[in-house]
Q: 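My structure is below; once you've seen it, I'll send some questions.
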Amino acid sequence: MIKYFNFSFKNRIAFNYIVSSAVFIALVFIAIFQVVKFSVNEHINDEVYEELIKHLDDVTTDENETYLIQVDQWKAREHNSISVNPVFVQFYDNNGETIDKSPNLKEIDLVLFDRSKNDVFVNSELNSIPIRQIQRPILNQNKVVGFIVVAMSMEDFEIVLILKNILLITFPLILFFIVFDGPIFCRKKY
């Protein structure tokens with residue numbers, strides 16, 4: 001048998017109890033964090049994608065390879081206000097020039113990334129506010145005539161950062177309790 005420390009029998013039990021508890025708690029905390037992070041990311045992505053599909057329906061193209069945006073749809077939706085979770089939409093032509101954008105963007109523009117980022121969720125910033133955006137080409141007879149970029153605030157993601165901080169603070173506190181409770185628990189039991 002390999003002696004890994006010169007501990008008495010009770011102290012070895014306490015040490016194994018502490019290490020196994022620490023590993024188990026760390027795995028539980030990691031699992032909780034990853035599940036919440038994945039869920040929040042999926043929720044944000046679903047909302048952005050839903051808005052993208054909604055706005056693609058507002059676009060029609062004509063035979064001159066120009067597209068028309070149904071302006072009345074802009075008035076009817078949440079693009080006129082800075083709400084809890086505002087949606088930002090911007091239309092670009094094939095050359096990357098702005099055609100139209102939602103009124104809540106005012107003087108700010110969403111970033112139009114290169115074509116490799118089409119249909120990919122990208123984290124970006126808008127006035128130093130973290131956003132998640134997606135861009136998609138607007139097609140007319142299988143030819144790209146422009147782009148639509150849809151973005152939403154990632155304020156929901158702050159929950160994940162708060163959870164991370166809570167878990168990072170709680171883990172050492174639990175370990176502190178286990179380190180002092182482990183030997184006492186093992187002395188009473190064995």
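Keep in mind that the numbers below use all heavy atoms, side chains included, and drop hydrogens, waters and symmetry copies. Computed from a predicted structure; not experimentally measured.
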Q: Mark yes or no for whether Lys101, through its side chain, and Leu110, through its backbone, hold a donor-acceptor pair below 3.5 Å.
A: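 No; judged by distance alone, with no hydrogens or angles, the pair does not exist.
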
Q: For the CZ atom on Phe113, are there more than 12 heavy atoms of other groups (residues, nucleotides or ligands in this structure) within a distance under 6.0 Å?
A: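 Yes, the 6.0 Å shell around CZ holds more than 12 heavy atoms from other groups.
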
Q: Rounded to the nearest 0.5 Å, how far does NZ of Lys54 lie from CD of Glu51?
A: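 Interatomic distance, Glu51 CD to Lys54 NZ, rounded to 0.5 Å: 4.0 Å.
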
Q: Please, which pairs that meet salt bridge (Lys or Arg N to Asp or Glu O under 4.0 Å) have at least one residue in residues 115-126, sequence neighbours excluded?
A: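 Every salt bridge (Lys or Arg N to Asp or Glu O under 4.0 Å) pair that includes a residue of residues 115-126, provided the two are not neighbours, is Asp119-Arg136.
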
Q: Got a sec, which residues hit side chain to side chain donor-acceptor pair (under 3.5 Å) with Ser116, two or more places apart in sequence or on another chain?
A: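 Only Asp114 meet the side chain to side chain donor-acceptor pair (under 3.5 Å) criterion with Ser116.
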
Q: Could you work out, with side-chain contact (heavy atoms from CB on, under 4.5 Å) as the rule, every residue matching Glu47, not counting sequence neighbours?
A: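 side-chain contact (heavy atoms from CB on, under 4.5 Å) list for Glu47, sorted by chain: His43, Asn85, Met152.
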
Q: Determine the minimum heavy-atom distance between Phe147 and Asn94, stating which atoms define it.
A: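 Reported closest heavy-atom pair: CE1-OD1, 4.0 Å.
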
Q: Nearest 0.5 Å please: distance from the CG atom of Asp46 over to the CZ atom of Phe121.
A: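 If I round to the nearest 0.5 Å, the distance is 7.5 Å.
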
Q: Has Asn104 got a side-chain atom pairing as donor or acceptor with Val87's backbone, closer than 3.5 angstrom?
A: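 Judged by distance alone, yes, a pair lies under 3.5 Å.
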
Q: For Gln135, enumerate each residue passing the side chain to side chain donor-acceptor pair (under 3.5 Å) test, keeping only those at least two apart in sequence or located in another chain.
A: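 Gln135 satisfies side chain to side chain donor-acceptor pair (under 3.5 Å) with Asn118 only.
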
Q: Without swapping roles, check the side chain of Ser102 against the backbone of Val89 for a donor-acceptor pair under 3.5 Å.
A: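 A pair under 3.5 Å: yes.
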
Q: Quick one: are Val111 and Val122 in side-chain contact, heavy atoms under 4.5 Å?
A: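 A side-chain contact is absent here, since even the closest heavy-atom pair is not under 4.5 Å.
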
Q: Should Ile159 and Val48 be regarded as members of a common hydrophobic cluster, given that ILVMFWY residues are connected when their side-chain heavy atoms come within less than 4.5 Å of each other, either directly or indirectly?
A: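 In one cluster with Ile159: Val48, no.
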
Q: Considering all heavy atoms of both residues, which atom of Phe91 and which atom of Ile148 are nearest to each other, and what is their separation?
A: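 Taking Phe91 first and Ile148 second, the nearest heavy atoms are CE2-CD1, 3.6 Å.
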
Q: About how many Å separate CG of Asn45 and CG of Leu52, when rounded to the nearest 0.5 Å?
A: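 These two atoms lie 12.0 Å from each other.
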
Q: What is the distance from atom CD1 of Ile129 to atom OG of Ser124, rounded to the nearest 0.5 Å?
A: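 Here the interatomic distance stands at 12.0 Å.
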
Q: Hey, are the side chains of Ile178 and Tyr17 touching, using non-hydrogen atoms and a 4.5 Å cut-off?
A: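 Yes, at least one pair of side-chain atoms sits under 4.5 Å.
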
Q: List, by chain and number, the other hydrophobic cluster members for Ile30, where Ile, Leu, Val, Met, Phe, Trp and Tyr join if side-chain heavy atoms come within less than 4.5 Å, directly or indirectly.
A: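 Besides Ile30, the hydrophobic cluster comprises nothing; the residue is isolated.
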
Q: Identify every side-chain donor-acceptor pair in residues 164-174 under 3.5 Å, counting partners at least two apart or on other chains, and give the distances.
A:
{"from": "Asn165", "atom 1": "ND2", "to": "Leu161", "atom 2": "O", "distance (Å)": "3.4"}
{"from": "Thr170", "atom 1": "OG1", "to": "Ile166", "atom 2": "O", "distance (Å)": "2.6"}

Q: Return a table of donor-acceptor pairs under 3.5 angstrom between the side chains of residues 33-41 and protein atoms on other chains or two or more places apart.
A:
{"from": "Ser39", "atom 1": "OG", "to": "Val35", "atom 2": "O", "distance (Å)": "2.9"}
{"from": "Asn41", "atom 1": "OD1", "to": "Arg132", "atom 2": "NH1", "distance (Å)": "3.1"}
{"from": "Asn41", "atom 1": "OD1", "to": "Arg132", "atom 2": "NH2", "distance (Å)": "2.8"}
{"from": "Asn41", "atom 1": "ND2", "to": "Lys37", "atom 2": "O", "distance (Å)": "3.3"}

Q: Side-chain contact test, heavy atoms from C-beta onward, threshold under 4.5 Å: evaluate it for Ile134 versus Val120 and give yes or no.
A: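 Ile134 vs Val120: side chains apart.
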
Q: Test of understanding: with ring-ring contact (aromatic ring centres under 6.0 Å, His included), list the residues that count as partners of Phe24, not counting sequence neighbours.
A: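 With sequence neighbours excluded, Phe24 shows a ring-ring contact (aromatic ring centres under 6.0 Å, His included) to no residue whatsoever.
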
Q: Closest approach of Leu175 and Ala22, non-hydrogen atoms and distance?
A: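 Here Leu175 and Ala22 meet closest at CD2-CB, 3.2 Å.
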
Q: Calculate, to the nearest 0.5 Å, the distance between atoms CZ and CD1 belonging to Phe157 and Ile131 respectively.
A: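 Answer for the CZ-CD1 pair, Phe157 versus Ile131, is 15.0 Å.
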
Q: Give a yes or no on whether the backbone of Glu97 and the side-chain of Asn95 come within a donor-acceptor separation of less than 3.5 Å.
A: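 Not at all, since once roles are kept as given, no pair shorter than 3.5 Å links the two residues.
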
Q: Identify, with sequence neighbours excluded, every residue that meets side chain to side chain donor-acceptor pair (under 3.5 Å) alongside Thr98.
A: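 Expected list: Gln90.
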
